Amino acid sequence: QVQLVESRGGLVQAGGSLRLSCAASGRIFSMNVMGWYRQAPGKQREFVAHVTRGGPTNYADSVKGRFTISGDNAKKTVLLQMNSLKPEDTAVYYCNAARYTDVYWGQGTQVTVSS
């Protein structure tokens, strides 16, 4: 069974940095796309960033220029480097991965940015 394992989030002051990681485990050859979504209290889950096998990346407008996503060639692991964090970035961050018609979600990790 395939599972996504996320690193522990954390508490960081505004302007600081934090790095999240996610790794796929189980019987799987590779992923086509891996990325991150987030959900703040009282809000809908929103797209943050993803990286596609082969290199192309995409970012939400709210994080462009501040966050960087990267992964290995097989897209079984993914990193999210978050810089210049803002209180608005506070949310539960969920790793997301897809392999053709199969979609997987992590359990979520809390990121809190204090002012």
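Sequential numbering from 1 along the given sequence is applied to the chain's residues. Bear in mind that the values here come from a model prediction, so they are computed numbers and not experimental data.
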Has the side chain of Gln3 got a donor or acceptor atom that lies under 3.5 Å from a matching backbone atom of Ser25? no

Nearest non-hydrogen partners of Ser115 and Ala14, listed with the distance: CA-CB, 4.4 Å

Are Leu85 and Val92 in one and the same hydrophobic cluster, where Ile, Leu, Val, Met, Phe, Trp and Tyr link if side-chain heavy atoms are under 4.5 Å apart? no

Polar side-chain atom of Ser7 near backbone of Ser21 as donor-acceptor pair, under 3.5 Å: yes

Please report the shortest heavy-atom distance between Ala24 and Met31, naming the atom on each side. CB-CE, 3.9 Å

Can you measure from CG (Asn83) to CG (Leu18) and round to the nearest 0.5 angstrom? 10.0 Å

Minimal heavy-atom distance between Cys22 and Leu4, with the atoms involved, is SG-CB, 3.9 Å

Can a salt bridge be assigned to the pair Asp61 and Lys64 using a cut-off of 4.0 Å between side-chain N and carboxylate O? yes

Measure from the side-chain N and O atoms of Tyr59 to the backbone N and O of Ile69, and report whether any donor-acceptor pair falls under 3.5 Å. yes

Would Tyr93 end up clustered with Leu11 when hydrophobic side chains under 4.5 Å apart are linked, directly or stepwise? no

Heavy-atom closest pair (Asp89 atom, Arg66 atom, distance to 0.1 Å) is OD2-NH1, 2.8 Å

Polar contact flag, side-chain donor to acceptor under 3.5 angstrom, Glu88-Thr90: no

Quick one: pull up NZ in Lys86 and OG in Ser62 and give me the separation to the nearest 0.5 Å. 8.5 Å

From Met34 atom CE to Tyr104 atom OH, the distance as rounded to the nearest 0.5 Å: 11.0 Å

Please report the interatomic distance CE(Met82) to CZ(Arg19), rounded to the nearest 0.5 Å. 10.5 Å

For the hydrophobic clusters of this structure (ILVMFWY residues joined by side-chain heavy atoms under 4.5 Å, transitively), does one cluster hold both Phe47 and Val103? yes

Please round to the nearest 0.5 Å and tell me the distance separating atom CD of Glu46 and atom CH2 of Trp36. 14.5 Å

Closest contact, heavy atoms only, Gln110 versus Thr112: NE2-OG1, 3.3 Å

Short question: side chain of Gln13, backbone of Ser114 - any donor-acceptor pair under 3.5 Å? no

Considering only heavy atoms from C-beta outward, does the side chain of Thr52 approach that of Asn32 to under 4.5 Å? no

Under a single-linkage definition using a 4.5 Å side-chain heavy-atom cutoff for Ile, Leu, Val, Met, Phe, Trp and Tyr, are Leu20 and Leu79 assigned to the same hydrophobic cluster? no

Are Tyr37 and Trp105 an aromatic pair by the rule of ring centers under 6.0 Å? yes

Should Leu80 and Val5 be counted in the same cluster of Ile, Leu, Val, Met, Phe, Trp and Tyr side chains packed under 4.5 Å apart? no

Ring-face cation of Arg38 near Tyr94 (centre distance under 6.0 Å, axis angle within 45°): no

Could you report the tightest heavy-atom contact between Ser30 and Arg53, atom names first, then the distance? CB-NH1, 3.6 Å

